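These numbers come from a predicted model, not from an experiment.
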Amino acid sequence: MNQKIAVITGASRGLGRDMAINLAKSGVEVIFTYQKNQEKAQELIEEIESFGGMAKAFSYDAGNPSESLQLIENIASYLSEANGNSQFDFLINNAGTGLYSTIENTSSEQLDEMYHIHLKSVFLLCQEAIPFLNEGGRIINISSGLTRFSFPGSSAYAMMKGAIEVFSRYLAKELGSKRITANVVAPGAIATDFGGGTNRDNEEKRTIIGNLTALGSVGEPEDIGGVIAFLCSEKAGWINGQRLEVSGGMLL
């Protein structure tokens, strides 16, 4: 059986990093992107290699959607040289950044930034990647619990994630003939440095979130990576066009 290959955007830290580690531990070769922190990217490569996994990193700025074509071309060229085949199996669109601003205070520039990072770049990356995805491949887009529940200050971010959920259903419909599935994973509040790291460092906020969550705490990156690995496994082949919230039961 040929080794499966995953492409993950934004995996040098946070949720993406744990996704990469979980996939590598399940025997998947990992190709991931980082924006600026090459040192963190190299640390992840070394960690994956320490347990016998394979990883390769490429620089990519999701805030500049025009880079999507070049990224896929670079990955295809690398795979063709390494394997004699430019195809891969899984695309996980994870790269992103937060914005906490009320509707009244959100600038046009901030709205454009959220659109470019969370919607346009994902659309274009999927569009460019489709010809290189193997039959039976998977696309997993990362959304947010904020598409189901609402907190003031998250409208621009959440509306782009809501659009991604609609887009994912269309991907599932249009790619069904290729046996490629498309699903959404929507994390709840997770303790990372995302959005300034308040879910990790602000004890008052952590207490509030814990009180709103059935399992009583803020989530950790480790709570998400295994779900991504499962969706890329043979056991998840019949899951398609779905939104899977991974929030510990937040605001039920």
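Using a 4.5 Å heavy-atom cutoff, the side chains of Glu43 and Lys40 are in contact. Between Asn134 and Ile5, the closest side-chain pair of non-hydrogen atoms is not below 4.5 Å. The shortest distance between side-chain heavy atoms of Phe88 and Leu79 falls below 4.5 Å. Side-chain atoms of Asn141 and Leu171, non-hydrogen and from C-beta on, do get closer than 4.5 Å to each other. Proximity of Ile228 to Ile92: side-chain heavy atoms (C-beta onward) are separated by under 4.5 Å at one or more points. No side-chain heavy atom of Ile31 sits under 4.5 Å from any side-chain heavy atom of Ile8. Within the 4.5 Å cutoff, side-chain heavy atoms of Cys126 are placed close to those of Phe167. Residues Asn94 and Phe32 fail the side-chain proximity criterion, which asks for heavy atoms closer than 4.5 Å.
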For a side-chain contact (heavy atoms from CB on, under 4.5 Å) check, start with the C-alpha distance between Leu111 and Met160, then their side-chain angles and the critical distance, and finish with the verdict. CA-CA 9 Å; Leu111 190 62; Met160 302 308 166; 3.9 Å; yes
Walk me through whether Val184 and Ile140 qualify under side-chain contact (heavy atoms from CB on, under 4.5 Å). CA-CA 6 Å; Val184 168; Ile140 302 171; over 6 Å; no
Evaluate Leu133 against Gln87 for side-chain contact (heavy atoms from CB on, under 4.5 Å), listing each step before the verdict. CA-CA 6 Å; Leu133 279 169; Gln87 302 295 110; 5.7 Å; no
Show the numbers, then the answer: is there a side-chain contact (heavy atoms from CB on, under 4.5 Å) between Leu69 and Leu124? CA-CA 8 Å; Leu69 172 59; Leu124 292 178; over 6 Å; no
Residue pair Tyr60, Ser68: steps toward the side chain to side chain donor-acceptor pair (under 3.5 Å) verdict: CA-CA 8 Å; Tyr60 169 64; Ser68 299; 3.2 Å; yes
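Electrostatic pairing of Asp193 and Arg13 counts as a salt bridge here, judged by a charged N lying under 4.0 Å from a carboxylate O.
Pairing each heavy atom of Thr106 with each of Ala156, the nearest pair is CG2-CB, 4.4 Å. When all heavy atoms are compared, the tightest approach of Ile164 to Leu119 is CD1-CD1, 3.7 Å. Nearest approach of Pro187 to Ser143, heavy atoms of both residues: CD-O, 3.4 Å.
Side-chain atoms of Asp18 do not come within 3.5 Å of backbone N or O of Leu15 as any donor-acceptor pair. Side-chain N or O atoms of Asn202 include one that pairs as donor or acceptor with a backbone N or O of Glu204 at under 3.5 Å. Side-chain atoms of Asn211 come within 3.5 Å of backbone atoms of Thr207 as a donor-acceptor pair (strictly under, hydrogens ignored). Not one N or O on the side chain of Ser80 forms a donor-acceptor pair closer than 3.5 Å with the backbone of Ser77. When atom types are taken as modelled, the side chain of His118 and the backbone of Ala62 share no donor-acceptor pair closer than 3.5 angstrom. Asn74 places no side-chain N or O within 3.5 Å of a backbone atom of Phe58 that could act as its donor or acceptor partner. The closest donor-acceptor contact from the side chain of Glu113 to the backbone of Gly63 lies at 3.5 Å or more, if one exists at all. The backbone N or O of Gln242 lies less than 3.5 Å from a partner atom in the side chain of Asn183, making a donor-acceptor pair. Proximity of a side-chain donor or acceptor of Thr213 to a complementary backbone N or O of Leu215 within less than 3.5 Å is not detected.
To the nearest 0.5 angstrom, Leu23 atom CG is 5.0 Å from Cys232 atom SG. The line from CE of Met114 to OG of Ser101 is 10.0 Å long, rounded to the nearest 0.5 Å. Distance check: Leu71 CG to Asp61 CG gives 11.0 Å after rounding to the nearest 0.5 Å. We find the CD-OH distance between Glu39 and Tyr34 to be 12.0 Å, quoted to the nearest 0.5 Å. Atoms OG and CD, from Ser121 and Glu67 in turn, are 10.0 Å apart once rounded to the nearest 0.5 Å. Between the CG atom in Asn199 and the NZ atom in Lys205 there is a gap of 4.0 Å [rounded to 0.5 Å].
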Contacts under 3.5 angstrom, residues 44-54 side chains, donor-acceptor by atom type, not counting sequence neighbours:
{"unit_1": "Glu46", "atom_1": "OE2", "unit_2": "Gln42", "atom_2": "NE2", "d": "3.4"}
{"unit_1": "Glu47", "atom_1": "OE1", "unit_2": "Arg17", "atom_2": "NH2", "d": "2.3"}
{"unit_1": "Ser50", "atom_1": "OG", "unit_2": "Glu47", "atom_2": "O", "d": "2.5"}

Solution key, residues 147-155 side-chain donor-acceptor pairs under 3.5 Å, sequence neighbours excluded:
{"unit_1": "Thr147", "atom_1": "OG1", "unit_2": "Ser144", "atom_2": "O", "d": "3.1"}
{"unit_1": "Thr147", "atom_1": "OG1", "unit_2": "Glu165", "atom_2": "OE2", "d": "2.7"}
{"unit_1": "Thr147", "atom_1": "OG1", "unit_2": "Arg243", "atom_2": "NE", "d": "3.4"}
{"unit_1": "Thr147", "atom_1": "OG1", "unit_2": "Arg243", "atom_2": "NH2", "d": "3.1"}
{"unit_1": "Arg148", "atom_1": "NE", "unit_2": "Glu245", "atom_2": "OE1", "d": "2.8"}
{"unit_1": "Arg148", "atom_1": "NE", "unit_2": "Glu245", "atom_2": "OE2", "d": "3.4"}
{"unit_1": "Arg148", "atom_1": "NH1", "unit_2": "Leu251", "atom_2": "O", "d": "3.2"}
{"unit_1": "Arg148", "atom_1": "NH2", "unit_2": "Glu245", "atom_2": "OE2", "d": "2.8"}
{"unit_1": "Arg148", "atom_1": "NH2", "unit_2": "Met250", "atom_2": "O", "d": "2.5"}

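Under the 4.5 Å side-chain heavy-atom criterion for Ile, Leu, Val, Met, Phe, Trp and Tyr, Val122 and Leu99 are members of the same hydrophobic cluster.
Side-chain N/O atoms of Ser12 and Asn37 include no donor and acceptor closer than 3.5 Å. Residues Thr33 and Thr9 bring no donor and acceptor atom of their side chains to less than 3.5 Å of each other.
No more than 12 heavy atoms of other residues, nucleotides or ligands sit less than 6.0 Å from atom CD1 of Ile103. Counting non-hydrogen atoms of neighbouring residues, nucleotides and ligands closer than 6.0 angstrom, the CZ atom of Arg206 exceeds 12 such neighbours. Within 6.0 Å of NZ in Lys178 there are 12 or fewer heavy atoms belonging to other residues, nucleotides or ligands. Around CD of Gln127, the count of heavy atoms belonging to other residues, nucleotides or ligands within 6.0 Å exceeds 12.
Because its NZ or CZ atom is both nearer than 6.0 Å to the ring centre of Tyr78 and within 45° of the ring axis, Lys56 counts as a cation-pi partner of that residue.
With sequence neighbours excluded, no residue satisfies ring-ring contact (aromatic ring centres under 6.0 Å, His included) with Phe132.
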